[in-house]
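Notes follow once the structure below has been shown.
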Amino acid sequence: MMICRLLLAGSLGMSAGIASEVSYNRDIRPILSDNCFACHGPDEKHRKADLRLDTFDGATADKDGLRALVPGDPAKSELWARLNSPDEDEVMPPPKSHKTVTATQKTALRQWIEQGAKYEKHWSFVPLAPVKVPEVKHADWPRHEVDRFVLSRLEREGLAPSPEATRETLIRRATLDLTGLPPTLAEVDAFLADTSPGAYEKVVARLLKSPHFGERMAVDWLDAARYADSNGYQVDRDRELWPWRDWVIKAFNDNQRFDQFTIEQIAGDLLPNATLEQRIATGFNRNHMLNEEGGIIADEFLAEYTADRVETTAAVWLAQTFNCCRCHDHKFDPFTAKDFYSMKAFFHNTSEKGVGNYSNPIRVNAPPFVKLPAPEIEAKIAGLNGEMKAVNDQLVALAGSSGAGLDDWAQRVAAATVKWETLELIKAEGGDAPPHIASETRTLEAGPQETRANNIKVTARLPAGHFTALRLEFATNVSAAAFQWSEFKVNLPADEGAKVTALALRGIVAGESLAGAETIKLLDNDRKTRTGLSATPASPVQSVFELVTPLVIAAPSEIEIEIGVENANGPSRWRVFATDIEAELLAPSSVVTIAKKESVMRTDAERKQLAEFRLSQQPEHRKLTDQLSALKTKIAAAEGEIPTTLVMDEMKEARPTFVLLRGAYDKTGERVTAATPAVLPALAGGEPRNRLGLAKWLVSPQNPLTARVAVNRLWQQVFGAGLVKTSDDFGAQGAPPSHPELLDWIALEFIRSGWDMKHLMTLMVTSATYRQQSQMTPLLRERDADNRLLARGARFRLMGEFVRDQALATSGLLVEKIGGPSVKPYHPPGLYEQVAAGSGYNVYVPGKGDDLHRRSLYTYWKRSVPNPAMLAFGTPFRESCTLQRPRSNTPLQALNLMNDETYIEASRFLAQRMISDGGSGAEAQLTHGFRLVLSRAPKPEELSVLQRAYARSLADFQKDATAVKSLLSIGGKQTEPGKVTPELAALTTVASTLFCLDETVTKP
Amino acid sequence: MIEQPSLHLPRRQFLGRASIGLGSAALASLLNPRLFAESASHFAPKAKRIIWLTQAGAPSQLDLLDYKPGLASMFDKDLPDSVRGEQRLTGMTAGQKRFPIAPSVFKFAQYGKSGMWMSELLPHTAKLADEICVIRSLHTEAINHDPAMTLLQTGHQIGGRPSFGAWLSYGLGTENENLPAFVAMISRPSGPTNAQPLHERMWGPGFLPAKYQGVRFTPTKNPVLYLSNPDGITRERRRAMLDDLGELNRLTLAEYQDPETQNRIDQFEMAFRMQASVPELADLSQEPASIFERYGPESKKPGTYAANCILARRLAERGVRFIQLYHRGWDQHNNLPGGIRSQCYDTDQPTAALLTELKERGLLEDTLVIWGGEFGRTVYSQGTLTKDNYGRDHHPRCYSIWMAGAGVKRGHVFGETDDFSYNIVKDPVHIHDLNATALQQLGIEHTKLTYRFQGRDYRLTDVHGEVVKGVLA
């Protein structure tokens, strides 16, 4: 008994009150798992001495006359001998493993062997069975069953629960927990005034109906699902998956049953007559990162994405660390690499490519995806299609009238000699490094270009004369050069006082120059459409532009040429030419060749080609084709506006799936088919062996893990830590439950209630356990500093999202719109440029208006450079599944709260509320501000600090009008000039102090 | 007034609660960083800090540190299949029909008493040949930048694990109470090269608490994010506000007796100290002109590699544990000679100046300096090869880096590659081995610095890593 105490005092939460009987699950497995199983456990390949200690049969097997365990007899047990051997070569665990079994652990092992070395199935794999709710001495304390489990344990420990928290604390706590927002003052006052017995329960019921409930619940689920707005990896461009995020919020608000919630996210597309909503739900499994880096191997990343799905599924629903089995059988838990790849087979049949497509415009999703209904945009597209048809009809009509004067024109084309004059280049600038002009050859020499959205500008001199077209030549002196050309402009410099004139240009084809489909991209004022030039020394690239209005120049004049560049992998050489030939005589080589033939010698096809080209030169035809291309651009743009969202689909033929040796994508082992892990109950007969079958298996009542895992995570959300502290690991290396019977009772209650999440939340937040005050006492600090026994309320820092949301809400800035595309609130400038790829496109442009003040779960999440304020508060990168955020407390959080524009602006608006709604006089206003933030009135000693702070600041600001103006102009939303006063500045600093308070950022 | 409860919480208990699952070594270190070095540490440490000069994008070993004279006569010959073996190729050269050998266009010579071969691209580093230890046999598995850089920084190709600096910050804590233990700085190349993107995870905390993450210094008015007070708030006003805040927070502490409240009070005070110490640190205006001359012309421009090297020295002087510089732009798939010249212009002189200064100030004795990238580059040309121009693709099988200071051999070359710098023929060093070695110099047995996450005790070196004794003096 004495021994037991000693032993168990060390493992917190497991302490006294247990019988002298040692429990394998509770007391022994953790010791063996930590110290022995890595070499003597489930992993057959790495098992040493062919000995396994994780099963009774293995541990008691006869090995050359020795047995690791002889039940009842430590002296004969080799395990005991090895544990205590003085010989370095004999002792276990071996010294080089750096593992040690402590004296108390040894005593426990000895006692366990003496008691017969009984093994138990690992607790989390034991099927759920009805639990008896314990009797308690203080029967008046419990409000329902949850409390009886908690109290019974406290009574065994000789501890008493804490008193109930104040009503202000209760409403603030419950509102933060259920909505992620603080209560309004009206809500606080209503609750304080409602003295009826069920007043608190009414508040809870109201909160569960709030649309903010879904927003609060979604945050943890987004961590689990690794939701982000960018693809991750090196290139990390945008993706569109927010409709899935909105689906999650709605599912929580609709109180969708957790089993259905699971089925739709894993296999919504496979449900009979799947709805669009159900397909959107499958975005869960597309949240993983996607690599768009040039040069990656698709198979390697398909292996990565599918592994991510297996690991995420195992973690979220089973709390098992499957990542271990990707390379080998699990060292501690009974899962094999074959289990891992059999699970992978469920997720391996989606029509994904494995790599992204970097040449796609940004934001275009990688298939498979679905379009969302967008009736307005679709109507617009239909209208544009109608217009396009009308223009096409006119073009057809016009074609019928061509042919007149064709031969005459052809003769002139055939006879024409096109003279191109090389223009003198005067100066050049722009690009990544200053370009050089080689005067002798009239050539512009530019180096490689890395900066996107850059311009090279060159000034050329036109001699006196009449000009109809310009030609640009792109050449190189290295073996091969490529140039991403996005824009082209020619300006006539302004005479004094006049504006710069941009010359109207039309891309045409003359000789072997670039096709019209390419030159049009240079003239569309859109840097995203680019022409890729590639030249070798022997083959430069030409592009020709007709001057829509021929240029007549009396004396030599300068023109400015602007070449928009996105990238160039090597040096380039440019020359500029001009011609005075009539523009209608400029034609592609193929047309000139036909024109040179005798009329009668032309084939029908050639005659047609000639006629079509001639027609394309006609003003009326040009007008119509211009209209047509403008319409096409509009339609493409409108189609781009239709939101899409990533989904899962199922290919008709399943991809073959193999065990990958040591996890390497290119080292295949045994072929496997879709199957659930062997150690768990089998997939029900008749269920399909696809994702739908898997989803149903996960939420089958026979599955011992899912309900326990799900309720434990909700418990963690409310109480700060799960009943199983390692909420992401229910395996042998995880922590055992602090209240095993309670965990099982709630899990069963969850299933019984129809997987009703709101019921479960109600159960927790209405418990007496939840309602306790969170003050620490010397006794509790000594006995249970981590509050594993739940003798007080949970007190912990709010998640970063809610710290910000709270400031927005209390200052009145919060925009309460639910859902929609992610938004870009304030952000320190320059972050993306320093870290992310290139520059130009990769710039964070903060949103405007409402976008600045939306709830934080709508903040745009870029995986390579996540929002720095959230990161400082420990929001995960969202690169992989996270089920537990480490909580930390850092100077960066302090700096953020003190100095971020977000909080300075919110402080100003909170101060305005103090003035407008707080009544007259500093005391009333300060009290009002304090209550808005903390839902309670300040105590006298607190008020006196606030008053002193206010008086000091006021006196200070009255002498410094500049500071008042500066401080009060921070943030996007302005204060009316008449309200910019020293009083407001002084209250703003007090408000900022309130936002920095420990109590403010902490759940009470 | 109200009764003041005992605020002197047992420190061990406070730490125990604040840091779930700390390894005992790491816990001890937080109790007293110096104690760790003396009693709880696994060895007597040679190094107190690391300066990691990360050359992002992968510098070509063939043009800098791994001299292959035999290649000169093999210009444009095909790389023998037997050399290439089954090495997988990136999607960028997998479609290439030929793998023509591209000898370096740069001249190599021997430097120092050690006679170390170095290329003309590194004239300043070459003068310090007798100070450094070049490893020519480093290798990795990854062939693309993101996974390779993540492996180099965190010991794993896929994100989610703590970076080296975070491990160190967790294991050894800080030596300066006014500055973070782990600082990262990024410079962009001055030349027009392809700057590889980085990723916050490379100096991230992984599964460790956020307080261990690298704090990024930027060349802006806010060297650390959110450092500056808003316009209208002076340092005096901030002090006064923090006094109010402290007073209110102490009332909360008295009521709730939550150690986290005390911790929060401390963090606000640390923030206030950082508001003074960081600008003082980042302000190079007091550095004499001779310093800027030594670090070269770029050093006067904030945010350049040269300016960051001066900052690195200042950080080292102030006891920052892990100083990580990134210089981007080494990814020369084409036009390598031009690109690498520009990169060496940016980095060679400042690197040498940093090393020299550390030595002069006695800091090199306990500062481990590491210079290198995430993988090497191929001997064969990517794209068309001419006499004076070529590109090189990614090459994971071998590459060169160097280390210096803190008990590392001086004027030494470790490891050897074949005639093509394609395969290692002697003394291979994996990134895990490099990390194990660096940890050992800091007094840490790499297998003992662990953190339990999802049921497993994780390490920087995963389940690998052997200390490379051959590079240690």
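What you see is a predicted model; the values in this text were computed from it and never measured. Throughout, protein chains are lettered first and strands after them, A, B, ... in sequence-line order, and every chain is numbered starting at 1.
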* Atom group of R885(A) that falls short of 4.5 Å from chain B, counting heavy atoms -> neither
* Asked: Partners of H330(A) by ring-ring contact (aromatic ring centres under 6.0 Å, His included), sequence neighbours excluded?
  -> none
* Approximate separation, where rounding is to 0.5 Å, of C996(A) SG and L242(B) CG -> 8.0 Å
* Asked: Given Q257(B) and L780(A), is the side-chain contact (heavy atoms from CB on, under 4.5 Å) satisfied, shown in steps?
  -> CA-CA 11 Å; Q257(B) 303 186 46; L780(A) 289 177; over 6 Å; no
* Given that the side chain runs from C-beta out, which part of K331(A) has a heavy atom under 4.5 Å from chain B: side chain, backbone, both or neither? -> neither
* **Engaged part of E141(B) at the chain A interface, taking heavy atoms whose separation is under 4.5 Å** => neither
* **Within-4.5 Å side-chain heavy-atom neighbours: M898(A) and F268(B)** => yes
* To do: Examine R456(B) relative to F332(A) and say whether NZ or CZ is less than 6.0 Å from the centre of the six-membered ring and inside a 45° cone about the ring axis.
  => no
* Asked: Non-hydrogen atoms of chain A under 4.5 Å away: do they reach the side chain of N229(B), the backbone, both or neither?
  -> both
* **Verdict with reasoning, N144(B) to Q234(A), per side chain to side chain donor-acceptor pair (under 3.5 Å)** => CA-CA 9 Å; N144(B) 296 108; Q234(A) 188 192 17; over 6 Å; no
* **Closest contact, heavy atoms only, P209(B) versus P886(A)** => CA-CB, 3.9 Å
* **Contact origin within R238(B) toward chain A - heavy atom pairs under 4.5 Å** => side chain
* By a 4.5 Å heavy-atom criterion (distance strictly below it), what part of N899(A) contacts chain B: side chain, backbone, both, or neither? -> both
* Structure fact -> Highest number of heavy-atom pairs under 4.5 Å with chain A among G159(B), A240(B), G160(B), G303(B) belongs to A240(B)
* **R452(B)/D729(A) ion pair, N-O < 4.0 Å** => no
* What part of Y233(A) is in contact with chain B, defined as an atom under 4.5 angstrom from a non-hydrogen atom: side chain, backbone, both or neither? -> both
* Can you find a heavy atom in the side chain of I233(B) that is under 4.5 Å from one in the side chain of L967(A)? -> yes
* Asked: Are any non-hydrogen side-chain atoms of L892(A) and Q213(B) less than 4.5 angstrom apart?
  -> yes
* To do: I would like to know whether R264(B) and L997(A) meet side-chain contact (heavy atoms from CB on, under 4.5 Å); could you show each step before the answer?
  => CA-CA 9 Å; R264(B) 186 150 292 111; L997(A) 286 174; over 6 Å; no
* Asked: Just by distance, do the side chain of D244(B) and the backbone of V945(A) share a donor-acceptor pair under 3.5 Å?
  -> no
* Asked: Hey, does Q267(B) have a side-chain heavy atom less than 4.5 Å from the side chain of Q893(A)?
  -> no
* Is it the side chain or the backbone of A985(A) that comes within 4.5 Å of chain B heavy atoms, both, or neither? -> neither
* Asked: Taking atom CG of N896(A) and atom OH of Y226(B), what is their separation to the nearest 0.5 Å?
  -> 5.0 Å
* Taking T726(A), T536(A), I904(A) one by one, which has the highest count of heavy-atom pairs under 4.5 Å against chain B? -> I904(A)
* Asked: Taking C-beta and beyond as the side chain, do D728(A) and F207(B) meet within less than 4.5 Å on heavy atoms?
  -> no
* Within-4.5 Å side-chain heavy-atom neighbours: E255(B) and K939(A) -> yes
* Asked: Can you tell if the side chain of P866(A) reaches within under 4.5 Å of the side chain of E200(B), non-hydrogen atoms only?
  -> yes
* Structure fact -> Sorted by chain and residue number, the ring-ring contact (aromatic ring centres under 6.0 Å, His included) partners of Y326(B) (sequence neighbours excluded) come out as W203(B)
* Asked: Measuring heavy-atom distances to chain A, does I265(B) have an atom under 4.5 Å in its side chain, in its backbone, in both, or in neither?
  -> neither
* Is it the side chain or the backbone of L994(A) that comes within 4.5 Å of chain B heavy atoms, both, or neither? -> neither
* **Derivation and outcome, side-chain contact (heavy atoms from CB on, under 4.5 Å), residues L831(A) and R216(B)** => CA-CA 10 Å; L831(A) 272 193; R216(B) 196 147 62 83; 2.8 Å; yes
* **Value rounded to 0.5 Å, distance of CG in D457(B) from NZ in K99(A)** => 7.0 Å
* To do: Check whether S187(B) gets within reach of chain A through its side chain, its backbone, both or neither, counting any heavy atom under 4.5 Å.
  => neither
* Side chain, backbone, both or neither: which part of E942(A) has an atom under 4.5 Å from a heavy atom of chain B? -> both
* **Full working for side chain to side chain donor-acceptor pair (under 3.5 Å) between T252(B) and D998(A)** => CA-CA 8 Å; T252(B) 306; D998(A) 177 67; 5.2 Å; no
* Structure fact -> Okay, M274(B) and chain A: the region with an atom under 4.5 Å from a heavy atom over there is side chain
* Asked: So which part of E304(A) gets closer than 4.5 Å to some heavy atom of chain B, the side chain, the backbone, both or neither?
  -> side chain
* Asked: With only heavy atoms counted, which part of E300(A) is less than 4.5 Å from chain B, the side chain, the backbone, both or neither?
  -> side chain
* **Gap between atom OG of S774(A) and atom CG of D258(B) - 0.5 Å precision** => 8.0 Å
* Asked: By a 4.5 Å heavy-atom criterion (distance strictly below it), what part of L897(A) contacts chain B: side chain, backbone, both, or neither?
  -> side chain
* Asked: Do E941(A) and L251(B) have side chains that get closer than 4.5 Å, going by heavy atoms?
  -> yes
* To do: Go through the atoms of S992(A) and report whether side chain, backbone, both or neither lie under 4.5 Å from a heavy atom of chain B.
  => both
* Asked: Which answer fits P891(A), side chain, backbone, both or neither, if we ask what part of it has an atom under 4.5 Å from a heavy atom of chain B?
  -> both
* To do: Please look at N323(A) and chain B and tell me whether the side chain, the backbone, both or neither of the residue comes under 4.5 angstrom of a heavy atom of that chain.
  => side chain
* Which region of L227(B), side chain (C-beta onward) or backbone (N, CA, C, O), has a non-hydrogen atom less than 4.5 Å from a non-hydrogen atom of chain A, or is it both or neither? -> both
* Which region of I970(A), side chain (C-beta onward) or backbone (N, CA, C, O), has a non-hydrogen atom less than 4.5 Å from a non-hydrogen atom of chain B, or is it both or neither? -> side chain
